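Remarks on the structure that follows.
Only a predicted model underlies this, so the values are computations on that prediction, with no experimental measurement involved. The residues of the chain are indexed from 1 along the displayed sequence.
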Amino acid sequence: MAKRRPLESRRLQDRDFAILEHLMTYRVTTRDVLHRLFFTDCDPNAVSKVTARLSDGGFLTRHELIGSSVYFTLGQAGARMMGAPARSIDALGAQTLFTQMGILSFCCSGVEGRNRLSVSMLVKQHPEILQKGADATRYVRDASVTPSILYVVRVDGGGPNDHVIRKIRNDIDTRITNPIINTLIQSGRFGVACVTYSDQKKAELDFRIEKERFPCAVITEVAPILRDLQAQFL
């Protein structure tokens, strides 16, 4: 006999479950990201209708973002269904929101094949990567290139360039002692991805990175949403 799904889940479609799984991985999402990932054959109004339905059902929670725009977290029913902690439904603090939006942008803003690796997945499939003192929530597997690259994502919070460079070096120095990551570094399959807020800051960081001679690849990308968030936080 087939296992019966909880009553609250019987109203959901496959795409709805995919959205909830996406939020389990990225913690936050936006209508634009959902449209790009799950509604490529629909106009933006379709996203609004689905997110409204899921919000009304308690599967998503809307939070103010910038102006009239919003971001979503899991709702109470969504968190319960996905086995997520109750805090998953809360609005994020400014710094956490900034970081999560940067990672979301790096993975879901147009480059196919980038996937954030959840801590639970790492625990089950790659526990050898986990180590004390190394944040395990910022790993991304980039399969847009062959062979794939494991990145740790560093989101530039607007500090001086020297500060950002120190943070990047710390990301590397903390992990280079890990035998698995060290092997990936030696084979060119590990790097740091620094997500920043403007083309000018990217150019400044690229200039500094070129002079640093890091032992692994360090790339930079711009997430315009970070510039808008910075302006709101001021």
Side-chain angles (χ1 to χ4, degrees), residues 22 25-28 33 36-37 95-96 98-119 121-123 125-227 229-230:
H22 164 73
T25 299
Y26 291 95
R27 294 189 62 184
V28 298
V33 168
R36 188 177 300 112
L37 295 180
Q95 186 57 52
T96 301
F98 199 83
T99 299
Q100 300 306 320
M101 282 293 180
I103 297 173
L104 180 72
S105 177
F106 179 72
C107 294
C108 303
S109 291
V111 178
E112 299 290 336
R114 290 178 177 173
N115 294 288
R116 188 179 193 175
L117 306 181
S118 67
V119 175
M121 188 278 278
L122 289 172
V123 168
Q125 299 183 21
H126 302 288
E128 66 278 3
I129 289 177
L130 303 175
Q131 61 186 109
K132 186 176 181 180
D135 184 357
T137 67
R138 296 185 285 120
Y139 286 118
V140 169
R141 180 176 180 267
D142 185 356
S144 68
V145 294
T146 304
S148 62
I149 298 176
L150 178 67
Y151 284 113
V152 58
V153 179
R154 163 64 51 188
V155 180
D156 171 17
N161 293 337
D162 285 346
H163 173 76
V164 179
I165 293 298
R166 284 196 300 271
K167 289 291 189 179
I168 291 172
R169 185 167 293 283
N170 184 67
D171 281 331
I172 298 169
D173 290 346
T174 302
R175 293 166 174 81
I176 201 169
T177 57
N178 181 301
I180 296 298
I181 291 181
N182 187 267
T183 298
L184 291 174
I185 289 174
Q186 299 306 316
S187 60
R189 296 188 59 202
F190 179 85
V192 177
C194 180
V195 182
T196 190
Y197 53 87
S198 72
D199 291 332
Q200 179 179 345
K201 189 67 179 289
K202 171 179 163 55
E204 293 171 359
L205 289 172
D206 285 342
F207 179 78
R208 288 292 307 276
I209 288 166
E210 186 176 359
K211 293 179 175 297
E212 289 294 324
R213 298 184 180 276
F214 289 118
C216 65
V218 179
I219 66 171
T220 61
E221 291 195 4
V222 176
I225 183 67
L226 300 184
R227 178 195 59 230
L229 283 173
Q230 274 194 328

Exercise for review: Would you check if the side chain of R138 reaches a backbone N or O of V153 as a donor-acceptor pair within less than 3.5 Å?
Suggested key: yes

Check your understanding: Below 4.5 Å, heavy atoms only, C-beta onward: do I219 and C194 meet side chain to side chain?
Key -> no

Exercise for review: Report yes if some heavy atom in the side chain of C108 is under 4.5 Å from a heavy atom in the side chain of Y26; otherwise report no.
Suggested key: yes

Practice item. Let me see the working for V218 and I172 under side chain to side chain contact (heavy atoms under 4.5 Å, CB included), right down to the final yes or no. Key: CA-CA 10 Å; V218 179; I172 298 169; 4.2 Å; yes

Point to revise | Heavy-atom closest contact (A134 atom, Y139 atom, distance) | key: CB-OH, 4.5 Å

Exercise for review: Answer yes or no: is there a side-chain heavy-atom contact under 4.5 Å between V195 and I103?
Suggested key: no

Review point. Is there a side-chain contact between C107 and N115, using heavy atoms and a 4.5 Å cut-off?
Key: no

Check your understanding: What are the two closest non-hydrogen atoms of T174 and G133, and how far apart are they?
Key -> CG2-O, 3.4 Å

Check your understanding: Hey, are D171 and K167 close enough for a salt bridge, meaning a charged N less than 4.0 Å from a carboxylate O?
Key -> no

Review point. Can R116 and F106 be said to form a side chain to side chain contact (heavy atoms under 4.5 Å, CB included), step by step?
Key: CA-CA 9 Å; R116 188 179 193 175; F106 179 72; over 6 Å; no

Check your understanding: Are any of the side-chain nitrogens in K202 or D156 under 4.0 Å away from the carboxylate oxygens of its partner?
Key -> no

Exercise for review: Look at D162 together with R208 and state whether they make a salt bridge at an N to O cut-off of under 4.0 Å.
Suggested key: yes

Point to revise | Sidechain-backbone polar pair: N182 side chain, I176 backbone, donor-acceptor under 3.5 Å | key: yes

Review point. Which pair of non-hydrogen atoms, one from S198 and one from V222, has the smallest distance, and what is that distance?
Key: O-CG2, 3.6 Å

Check your understanding: Under a 4.5 Å cut-off applied to non-hydrogen side-chain atoms, are R169 and F214 in contact?
Key -> yes

Review point. Is there any side chain to side chain donor-acceptor pair (under 3.5 Å) pair reaching into residues 104-114, and which pairs are they, with sequence neighbours excluded?
Key: S105-S109, R114-D142, R114-E221

Practice item. Go through the structure and list residues passing side-chain contact (heavy atoms from CB on, under 4.5 Å) with R141, not counting sequence neighbours. Key: L117, A143, S148

Revision key, fill the gap. Shortest non-hydrogen pair, Y197 vs R227, comes out as O-CB, 3.4 Å

Review point. Say you draw a straight line from CD of Q230 to CD1 of I225; how long is it, rounded to the nearest 0.5 Å?
Key: 11.5 Å

Review point. Are any of the side-chain heavy atoms of V119 and T137 separated by less than 4.5 Å?
Key: yes

**Study point:** Side-chain touch L104/R27, heavy atoms, less than 4.5 angstrom
**Key:** no

Practice item. Identify the two heavy atoms, one from N161 and one from E204, that lie closest to each other, and give their separation to 0.1 Å. Key: ND2-OE1, 3.2 Å

Study note, to complete from the structure: Smallest heavy-atom separation, A136 atom then L122 atom, equals O-CD1, 3.8 Å

Check your understanding: Would R189 and Y151 count as having a side-chain donor-acceptor pair, cut-off 3.5 Å?
Key -> no

Review point. With side chains defined as the heavy atoms from C-beta onward, is the minimum distance between Q131 and T177 less than 4.5 Å?
Key: yes

